[in-house]
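In what follows, a single structure is set out as structure tokens and then discussed.
Throughout, residue positions are numbered sequentially from 1 according to the sequence presented.
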Amino acid sequence: RIVALIGIIAFFIIRANNATRAGRENVDTVDDVRALKRKWDWQRNAGDGTLSEGEDARLVATAMMCAIATSEGELTEKQTTHIRQSISSTFGLNASDAEDFLGQGRWLAGQVAGPDGAVLRWWKPISESCSVTEQTQAVELLESTATVESAASDEQRHAILLLKTRLGL
């Protein structure tokens, strides 16, 4: 009887684990569909999908954060939450705008070759439209994003140093 009871408990634990995993996959799928819609909207609104020198420095910083976060692989839930909360509090965005910025930033980060490529491509809007305090905040956002999962990698530290150098900090 004890073996049967243990078997029944194990069965329910395995089923609960499978249900949890399926739920996470469904949430990821819904997030991907939302990101795809934002990507289509962004492409339609942005034309060729590249950022010019006159673009919003907040979006540029978000794209750099996404590039930093994805340098070690796919964006994790912890990194996504960190970026969403950071841009919301730093840039004063509501939840919907923060989600849009995150979706656009993820897409833009996928258009460059790593975090160095993001910095080299998009440092000018931060340099030209932000005060020194805001530039320092942008660097701090990248530093905090790099250390969400673990210590910053050499690639992440190099990109942050590159941004500091370009901004003259």
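- Side chain of Gln85 to backbone of His82: no donor-acceptor contact under 3.5 angstrom is found.
- A side-chain donor from one of Gln79 and Thr76 sits under 3.5 Å from a side-chain acceptor of the other.
- Within the 4.5 Å cutoff, the side chain of Met64 has heavy atoms near those of the Ile126 side chain.
- Linking ILVMFWY residues whenever their side-chain heavy atoms come closer than 4.5 Å, directly or via other members, places Val132 and Val60 in the same cluster.
- Counting only heavy atoms from C-beta outward, the side chains of Trp122 and Val112 approach each other to under 4.5 Å.
- Side chain of Ser71 to backbone of Ile68: a donor-acceptor contact under 3.5 angstrom is found.
- In this structure, Ser127 and Arg166 have side chains that are not in contact, with every pair of non-hydrogen atoms separated by 4.5 Å or more.
- The structure places NE2 of His158 at 5.0 Å from CG of Asp116, a figure rounded to the nearest 0.5 Å.
- Side-chain contact between Met65 and Ser86 is present, with heavy atoms from C-beta onward closer than 4.5 Å.
- When side chains are defined from C-beta on, Arg157 does not count as touching Leu161, because their heavy atoms never get closer than 4.5 Å.
- Glu128 places no side-chain N or O within donor-acceptor distance of the main-chain N or O of Pro125, the cut-off being under 3.5 Å.
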**Prompt:** Where do Ile6 and Phe11 land on the side chain to side chain contact (heavy atoms under 4.5 Å, CB included) test, with the steps shown first?
**Reply:** CA-CA 8 Å; Ile6 291 172; Phe11 172 77; over 6 Å; no
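- Between Glu143 and Lys164 there is a salt bridge, since at least one side-chain N of the basic residue sits less than 4.0 Å from a carboxylate O of the acidic one.
- For the atom pair CZ of Phe101 and CG of Leu108, the computed distance is 11.0 Å after rounding to the nearest 0.5 Å.
- Salt bridge absent: Glu149 and Lys78 never bring a charged side-chain N and a carboxylate O closer than 4.0 Å.
- The CH2 atom of Trp123 sits 9.5 Å away from atom CG of Leu162, with the distance rounded to the nearest 0.5 Å.
- For Thr147 (side chain) and Ser150 (main-chain N/O), no donor-acceptor pair under 3.5 Å exists by modelled atom type.
- Annotation: the span from Leu75 atom CG to Thr70 atom OG1 amounts to 7.0 Å, rounded to 0.5 Å.
- Within the 3.5 Å criterion, the main-chain N or O of Leu93 finds a donor-acceptor partner in the side chain of Ser88.
- Residue Leu5 holds its CG atom at 8.0 Å from CD1 of Ile2, rounded to the nearest 0.5 Å.
- Minimum heavy-atom separation, Leu142 to Ala61: CD2-O, 4.4 Å.
- With no hydrogens or angles considered, no side-chain donor-acceptor pair links Thr62 and Gln104 at under 3.5 Å.
- Looking at Cys66 and Ile83, their side chains come closer than 4.5 Å, going by heavy atoms from C-beta outward.
- Taking 4.5 Å as the limit, every side-chain heavy atom of Ser144 sits out of range of all side-chain heavy atoms of Val148.
- Of all heavy-atom pairs spanning Arg84 and Glu99, the tightest one is NE-OE1, 2.7 Å.
- Side-chain contact between Thr136 and Leu167: absent, with no pair of heavy atoms (C-beta onward) separated by less than 4.5 Å.
- Note that CG of Leu102 is 10.5 Å distant from CG of Leu59, once rounded to the nearest 0.5 Å.
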